[in-house]
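Worksheet: the structure to be examined is printed underneath.
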Amino acid sequence: MSGLVTGDAVVLGLQPARLPSRALAVLIDLVVVWAAYLLITLGLALATASLDEAAETAVFIASFLLLLVGVPIAVETLSHGRSLGKLACGLRVVRDDGGPIRFRHALVRGAMGVVEILMTFGVVACVASLVSERGRRLGDVFAGTLVVRERIPAARVLAVPPPPPWLVGRFAGLDLSAVPEALWLEIRQYLTRARELDPAVGRRLAERLADELVARTGTPPPPGVPADAYLAGVVAERQARDSWRALAPGSGTTAPVAGMTTPVAGMAPPVSGMTAPAPGVAAPAAGSASASFVPPAATPPASPVPPPVATGDRPQSPAAPAAPSTGFAPPA
């Protein structure tokens with residue numbers, strides 16, 4: 001991968017195209033261009049048969065420059081660095097900073113291509129591409145461009161084998177903040193390819209990785225745990241923490257609160273300060289949140305006391321209620 005730095009100081013990891021793929025792309029372009037040039041030249045020869053020799057020579061030179069030089073420049077400019085051959089091989093011409101090329105880049109590449117490819121039959125271009133670290137020919141060096149691969153084969157992703165069941169959760173308190181990503185990558189690569197290694201070589205590699213992991217975490221593995229099982233358990237703990245961090249607050253999922261009980265389905269929590277409904281208010285329908293609430297029996301309001309009756313200047317007390325008749329006559 002080639003680290004191209006953009007104008008915003010962003011490093012792009014692009015894979016430069018090498019000589020075989022570039023040669024195949026140039027060969028496809030040359031076959032198409034030469035076939036078009038021969039057909040057009042034959043048509044011009046029949047159309048200019050009545051002209052003199054100087055006119056015919058001028059027409060042929062103009063057609064040569066137009067088709068073999070001008071057409072590739074126009075195609076690379078309009079397609080932003082993808083000619084027919086490069087499109088077939090999955091290549092693209094970009095600037096040194098990873099941006100699309102413009103007319104001046106295509107012009108310099110096309111002009112140098114006449115010398116590198118057409119006049120020397122590609123010998124100069126092949127030598128320059130082999131010598132260059134990123135496979136660039138002279139036209140790319142002068143134009144400030146680079147041919148990169150657009151279609152990169154996808155790497156085969158292998159799943160990390162799970163640890164033994166008796167090791168699940170044993171490394172929950174392990175501090176993994178000091179472990180670098182390079183060491184995690186080595187451990188994952190070892191675990192995914194452990195079955196393909198020689199047993200003795202795999203054992204030594206696992207012990208070395210386990211020693212580096214212990215030096216980073218500061219906690220030795222449990223007694224009697226093999227090195228490969230220890231690595232698998234720590235990687236599983238790292239993956240569990242990454243999954244929990246992805247589901248942490250901010251993604252809409254919260255952790256359960258300790259001691260929180262699950263409410264019964266259909267039961268609504270009690271409302272603070274809830275009182276019984278007033279008399280005459282219909283009770284809620286069955287199945288509602290307060291269907292199980294039974295209001296207390298309503299007590300009849302007390303009889304109002306009649307106000308005192310004013311007689312003269314002094315108010316008189318209200319008449320006492322008559323005693324109930326029992327049929328007993330008091331003595332004289």
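As a basis for the values below, the full set of heavy atoms in this structure was taken, side chains included, without hydrogen atoms, waters or symmetry mates.
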### Message
Among residues at least two apart in sequence or on other chains, which ones pass side-chain contact (heavy atoms from CB on, under 4.5 Å) with Ile61?
### Response
Thr57, Leu65
### Message
Show the nearest heavy-atom pair for residues Gly135 and Ser129, with the distance to one decimal.
### Response
O-OG, 3.3 Å
### Task
Determine the minimum heavy-atom distance between Leu44 and Ser63, stating which atoms define it.
CD1-CB, 3.8 Å
## Note on the structure
Closest heavy-atom pair, Ala36 versus Leu67, reported as atoms and distance to 0.1 Å, is O-CD1, 4.3 Å
### Query
Looking at Glu237 and Arg241, does any basic side-chain N land under 4.0 Å from a carboxylate oxygen?
yes
### Task
Compare all side-chain heavy atoms of Leu176 with those of Val234 and state whether any distance is below 4.5 angstrom.
yes
### Query
Salt bridge between Glu207 and Arg203, side-chain N to carboxylate O under 4.0 Å?
no
### Query
Would you call Glu181-Arg238 a salt bridge at under 4.0 Å N-O?
yes
### Query
Is there a chain of hydrophobic side chains (I, L, V, M, F, W, Y, each step under 4.5 Å between heavy atoms) that links Ile73 to Trp34?
yes
### Message
Using only atom types and a distance under 3.5 Å, with no angle test, would you say the side chain of Thr217 pairs donor to acceptor with the backbone of Ala178?
### Response
no
### Query
Between CZ of Arg134 and CG of Asp96, what distance do you get to the nearest 0.5 Å?
5.5 Å
### Query
Just wondering, do Pro72 and Asp29 contact through their side chains at under 4.5 Å, heavy atoms?
no
### Message
Once rounded to the nearest 0.5 Å, what's the spacing between atom CG of Leu84 and atom SG of Cys89?
### Response
9.5 Å
### Query
Under a 4.5 Å cut-off applied to non-hydrogen side-chain atoms, are Arg92 and His80 in contact?
yes
### Query
If you look at every heavy atom in Phe60 and Thr41, which pair is closest and at what distance?
CE2-CG2, 3.8 Å
### Message
Please give me the minimum heavy-atom distance between Gly110 and Val69, naming the atom from each residue.
### Response
O-CG1, 4.4 Å
### Task
Would you indicate whether the side-chain heavy atoms of Pro100 and Arg95 approach each other to under 4.5 Å?
yes
### Message
Do Arg136 and Val147 have side chains that approach each other closer than 4.5 Å (heavy atoms only, starting at C-beta)?
### Response
no
### Query
Would Asp211 and Arg208 pass as an ion pair if we require N to O under 4.0 Å?
no
### Query
Between Leu231 and Leu213, is a side chain to side chain contact (heavy atoms under 4.5 Å, CB included) present by the stated rule, with each step listed?
CA-CA 8 Å; Leu231 295 175; Leu213 191 59; 4.0 Å; yes
### Query
About how many Å separate CG of Leu27 and CD1 of Ile117, when rounded to the nearest 0.5 Å?
11.0 Å
### Min side-chain heavy-atom separation Arg102-Thr77 under 4.5 Å
no
### Message
Are Phe64 and Met112 connected into the same hydrophobic cluster when the rule is that any two of I, L, V, M, F, W, Y join if their side-chain heavy atoms are below 4.5 Å apart?
### Response
no
### Query
Do any pairs count as a ring pair (Phe, Tyr, Trp, His ring centres under 6.0 Å) and have a residue in residues 183-230, sequence neighbours left out, and if so which ones?
Phe171-Tyr230
### Query
Are a donor atom and an acceptor atom from the side chains of Thr145 and Asp140 found within less than 3.5 Å of each other?
yes
## Note on the structure
In this structure, CD1 of Ile187 is separated from CG of Leu205 (nearest 0.5 Å) by 10.0 Å
### Query
Can you get from Tyr37 to Ile28 by hopping between Ile, Leu, Val, Met, Phe, Trp and Tyr side chains that sit under 4.5 Å apart?
no
### Message
Within the structure provided, determine whether Leu30 and Leu118 are in side-chain contact (heavy-atom separation under 4.5 Å).
### Response
yes
### Salt-bridge contact Glu76-Lys86 (side-chain N to carboxylate O under 4.0 Å)
yes
### Query
Can you check whether Leu183's main-chain N or O pairs, donor with acceptor, with Glu212's side chain at less than 3.5 Å?
no
#### Entry: Shared hydrophobic cluster for Val93 and Val108 (ILVMFWY, side-chain gaps under 4.5 Å)
no
### Query
Any idea which heavy atoms bring Asp228 and Leu191 closest together, and the distance?
O-CD2, 4.1 Å
### Query
How far does CZ of Arg104 sit from CZ of Arg109, to the nearest 0.5 angstrom?
13.5 Å
### Query
Roughly how far, to the nearest 0.5 Å, is the CG atom of Leu19 from the CG atom of Leu24?
11.0 Å
### Message
A side-chain contact here means heavy atoms from C-beta on lying under 4.5 Å apart; do Glu150 and Val94 qualify?
### Response
no
### Message
Membership question, hydrophobic clusters at under 4.5 Å side-chain separation (ILVMFWY): are Val75 and Leu91 in the same one?
### Response
no
